[in-house]
Amino acid sequence: MNGSEIIVALVLVVASYVVGSIPFGVLVAKATGAQDPRTLGSGRTGGTNALRAMGRKRALMVVTGDVLKGAIPVLVARSVTGLPAVEVLCALAAILGSTRSMFVGFKGGRGVGTSVGTMLVIFPPAILIGGPVFVAVILVTRYVSLGSLLSIAAGAALIGLWWLAASGTVPAAYLLYAAVGTGMVWVAHADNIDRLLHGTERRFDLDLLARD
């Protein structure tokens, strides 16, 4: 990369962090007059807490926004540079923004929706295994956090298998994305992991899905 390409890459990475920082949970609550998700439960701004605070319709808006703020930066990076390494840096910056938003005191969500958005662009088949794992784990255990952790890990594992099977034709940057991106989401779930290990994690109430 020459000097101008490095500057473009840096601008894209910073912009990706800013986009990832958009707190859709807070914005949807303010726009619709609903309860701010930061005022209850985990205090996070992501889809699960939005569901508890605002009901399924508004939570769906939040989740859609979170996915898009992961997908769009990667798509832009791909269109502008065509470099997998820049795609990955933008993906990771967006995930960081979603968990440490500059707009809400460097707090935010758990990064799951945004991570899914980045994965939809970088390697869509990962969603085909991650999605069913997410749903199955929640139905069996009622732990959204465990479903999120295992589904993201499953998607990352599939990317790793893809890289191995492709015999070097898949950019190594995607393997780095799988490892680091998964690690970031798991770090954002540190308190959940602690509660899961101690048997004190809050179980998901499926009746919430019936709330408009």
Side-chain angles (χ1 to χ4, degrees), residues 12-29 37-38 41-51 53-54 58-79 84 86-131 133-135 138 144-156 158-159 173-174 176-192:
L12 289 172
V13 170
V14 172
S16 297
Y17 170 75
V18 174
V19 171
S21 289
I22 299 173
F24 281 102
V26 177
L27 295 179
V28 170
R38 294 174 295 174
S42 65
R44 296 280 184 162
T45 61
T48 302
N49 224 35
L51 180 62
M54 300 185 280
R58 293 180 178 90
L60 181 59
M61 295 169 62
V62 173
V63 171
T64 300
D66 285 348
V67 171
L68 288 174
K69 71 185 187 182
I72 290 174
V74 182
L75 284 171
V76 171
R78 178 174 292 178
S79 174
V86 178
E87 291 179 32
V88 167
L89 290 174
C90 289
L92 297 178
I95 295 171
L96 179 62
S98 71
T99 60
R100 302 292 181 188
S101 169
M102 61 185 289
F103 300 118
V104 288
F106 296 99
K107 298 179 181 179
R110 307 286 186 184
V112 177
T114 304
S115 180
V116 168
T118 64
M119 200 172 286
L120 277 170
V121 179
I122 289 176
F123 187 55
I127 305 301
L128 298 178
I129 185 172
V133 168
F134 178 73
V135 173
I138 293 175
V144 173
S145 58
L146 185 60
S148 299
L149 291 167
L150 294 182
S151 63
I152 292 295
L158 189 60
I159 292 176
Y174 290 166
L176 179 67
Y177 154 79
V180 177
T182 299
M184 292 171 69
V185 172
W186 275 59
V187 168
H189 281 80
D191 55 328
N192 300 95

Where the side chain of [X] meets the backbone of [Y], is there a donor-acceptor pair that is under 3.5 Å apart?
{"X": "Ser21", "Y": "Ser101", "value": "no"}
{"X": "Asn49", "Y": "Arg44", "value": "yes"}
{"X": "Thr182", "Y": "Ala179", "value": "no"}
{"X": "Ser79", "Y": "Leu75", "value": "no"}

Between [atom1] on residue [X] and [atom2] on residue [Y], distance to nearest 0.5 Å:
{"X": "Asp191", "Y": "Ser42", "atom1": "CG", "atom2": "OG", "answer": "7.5 Å"}
{"X": "Leu96", "Y": "Met184", "atom1": "CG", "atom2": "CE", "answer": "4.5 Å"}
{"X": "Leu146", "Y": "Phe134", "atom1": "CG", "atom2": "CZ", "answer": "10.5 Å"}

Any side-chain heavy-atom pair from [X] and [Y] closer than 4.5 angstrom?
{"X": "Cys90", "Y": "Arg78", "answer": "no"}
{"X": "Ser148", "Y": "His189", "answer": "yes"}
{"X": "Phe103", "Y": "Val18", "answer": "yes"}
{"X": "Arg38", "Y": "Val104", "answer": "yes"}
{"X": "Lys69", "Y": "Phe24", "answer": "yes"}

From Thr45, Asn192, Thr99, residue fulfilling side-chain hydrogen bond (donor to acceptor under 3.5 Å, both in side chains) relative to Arg110
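Result: among Thr45, Asn192, Thr99, Asn192 is the only option passing the side-chain hydrogen bond (donor to acceptor under 3.5 Å, both in side chains) with Arg110.
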Shortest non-hydrogen separation from [X] to [Y] and the atoms involved:
{"X": "Ala156", "Y": "Ala178", "result": "CB-O, 3.6 Å"}
{"X": "Ser16", "Y": "Pro73", "result": "OG-CB, 3.3 Å"}
{"X": "Ala91", "Y": "Val74", "result": "CB-CG2, 3.7 Å"}

Side chains of residues 124-131: which donor-acceptor partners sit under 3.5 Å, not counting sequence neighbours?
none

Scan residues 89-107 for pairs that pass salt bridge (Lys or Arg N to Asp or Glu O under 4.0 Å), counting only residues two or more places apart or in two chains.
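Sorted result for residues 89-107: empty, none.
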Show the atom names and distances, to 0.1 Å, of all donor-acceptor pairs under 3.5 Å that link a side chain in residues 114-123 to residues at least two apart or in another chain.
from, atom 1, to, atom 2, distance (Å)
Thr114, OG1, Asp66, O, 3.1
Thr118, OG1, Ser115, O, 2.6
Thr118, OG1, Tyr177, OH, 2.7

